[in-house]
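Residues: numbered from 1 along the sequence shown.
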Amino acid sequence: LISACRRGRVDIVLIKSASRFARNTVDALKTIRMLRRWNVDVYFETEDIHSLHETSEFLLTVICAQAQDESESKSADIRWGLQKSFGNLDSKYYQRKCYGYAHDENGYLIIDEKEAEVIRLIFRMSKEGASSSQIARTLQQQGIPSPRSKAVWSRETLRKILNNEKYLGKVILQKTFVENCLNHKQAKNTGQLDKYEIVGNH
């Protein structure tokens, strides 16, 4: 859309609400000013504001700052809720299944024997010194699809399986976390937050 605006192919951008325009106030104002230089109007329907109007920037600054504050507050509430859930041993997060496991009638992890045979093969080959490429090739030759039903297993998929503590019967929660609500990127937890671990979970 920005590219189309720069080429003069767009006169006006219609936005439902200012809170949906950008994740933070700085980004919102930077984009609005850029579009204004190209004489592109941004109309915010809920607030009934046109960005080309002289008084719009102050109003949008206030509205976007309020939206950012609400987003940060909501993110903090979600993080608190997750941590409370992680601290509960009955939490369903401890029973999230991965390749090689299924759920029993009560929602607890049990071994899926068909998939477990594949997991055992992967670990056995790795222990014998086979590379990820060799393991992937063997799985493909045997016609075994990947966890996402692809014919070819990626080295990243195999790396994750070989490093997954669930195949040792334990669960670790909060190995990653969202660093801030503005970019929503996952960061590796290297001690910034508590981790929650159960040995012999399944």
Side-chain angles (χ1 to χ4, degrees), residues 1-4 16 20 22-24 27 71 74-202:
L1 178 60
I2 294 292
S3 178
K16 180 66 178 175
R20 308 297 298 168
R23 289 196 177 103
N24 62 63
D27 285 349
S71 178
K74 187 184 294 183
S75 179
D77 289 344
I78 291 171
R79 188 163 55 248
W80 180 85
L82 282 172
Q83 289 173 345
K84 287 288 286 184
S85 182
F86 293 162
N88 177 6
L89 296 181
D90 294 324
S91 170
K92 293 296 183 183
Y93 285 105
Y94 289 102
Q95 306 304 326
R96 292 177 75 174
K97 68 177 184 176
C98 59
Y99 189 81
Y101 291 102
H103 285 138
D104 66 12
E105 63 275 9
N106 297 313
Y108 292 103
L109 287 174
I110 56 172
I111 293 172
D112 180 316
E113 282 301 335
K114 185 178 179 181
E115 292 181 356
E117 281 302 313
V118 181
I119 295 296
R120 294 184 187 111
L121 172 61
I122 291 169
F123 274 87
R124 186 164 61 249
M125 290 187 68
S126 177
K127 185 179 179 182
E128 292 169 355
S131 67
S132 295
S133 298
Q134 289 171 324
I135 297 172
R137 187 161 54 249
T138 298
L139 294 170
Q140 186 177 0
Q141 288 169 350
Q142 293 187 15
I144 300 171
S146 75
R148 294 193 175 184
S149 301
K150 294 182 178 179
V152 179
W153 287 66
S154 70
R155 283 181 293 181
E156 179 65 12
T157 297
L158 292 170
R159 185 193 66 78
K160 286 181 178 178
I161 286 174
L162 290 167
N163 287 284
N164 192 337
E165 71 283 348
K166 280 192 175 176
Y167 299 116
L168 300 175
K170 67 180 180 178
V171 177
I172 300 174
L173 298 181
Q174 201 154 255
K175 291 186 287 186
T176 63
F177 67 101
V178 176
E179 212 158 14
N180 68 71
C181 66
L182 301 182
N183 58 28
H184 293 283
K185 287 184 179 178
Q186 292 280 338
K188 190 173 182 179
N189 184 4
T190 56
Q192 300 93 323
L193 299 173
D194 290 335
K195 289 183 182 179
Y196 301 81
E197 178 177 342
I198 294 183
V199 177
N201 179 71
H202 49 281

Any Lys97 side-chain heavy atom under 4.5 Å of Glu115 side chain: no
Point-to-point distance, once rounded to the nearest 0.5 Å, from CG of Asp112 to CD of Glu117: 10.5 Å
Test item: Gln174 side-chain N/O and Asp194 main-chain N/O as donor-acceptor pair under 3.5 Å: yes
Check for a donor-acceptor pair, side chain of Ser126 on one end and backbone N or O of Ile122 on the other, with a separation under 3.5 Å. no
Return the CZ to CD distance between Arg137 and Gln142, rounded to the nearest 0.5 Å. 12.5 Å
Side-chain heavy-atom pair Asn201, Lys170 within 4.5 angstrom cut-off: no
Could you report the tightest heavy-atom contact between Ile111 and Ala116, atom names first, then the distance? CG2-CB, 3.5 Å
Interatomic distance, CZ@Phe123 vs CD1@Ile135, rounded to 0.5 Å, equals 9.5 Å
On a heavy-atom basis, the closest approach of Gln140 and Ala151 is CG-O, 3.8 Å
Sub-3.5 Å donor-acceptor pair from the side chain of Tyr94 to the main-chain atoms of Ile172, do we have one? no
Does NZ in Lys16 sit with more than 12 non-hydrogen atoms of other residues, nucleotides or ligands closer than 6.0 Å? no
Let me confirm one number: the CG-CG distance from Leu109 to Asn106, rounded to the nearest 0.5 Å. 12.5 Å
For Glu113 and Arg120: C-alpha separation, side-chain torsions, deciding distance, then whether salt bridge (charged side-chain N to carboxylate O under 4.0 Å, His left out) applies. CA-CA 10 Å; Glu113 282 301 335; Arg120 294 184 187 111; 3.4 Å; yes
Determine the interplanar angle of the His202 and Tyr101 rings, folded into 0 to 90°, and report it as parallel if under 30°, tilted if 30 to 60°, perpendicular if over 60°. perpendicular
Give, for atom CZ of Arg155 and atom OG1 of Thr157, the distance between the pair rounded to the nearest 0.5 Å. 11.5 Å
With a 4.5 Å heavy-atom cut-off, do Leu121 and Met125 have their side chains touching? yes
So, do Ile161 and Trp153 sit near enough that their side-chain heavy atoms are less than 4.5 Å apart? yes
In Å, rounded to the nearest 0.5 Å, how long is the span from OG of Ser132 to CG of Leu162? 6.5 Å
Over all heavy atoms of both residues, which pair between Cys98 and Tyr167 is shortest? Give the atoms and the distance, please. SG-OH, 3.8 Å
Are Lys175 and Asn189 side-chain neighbours, meaning at least one heavy-atom pair lies under 4.5 Å? no
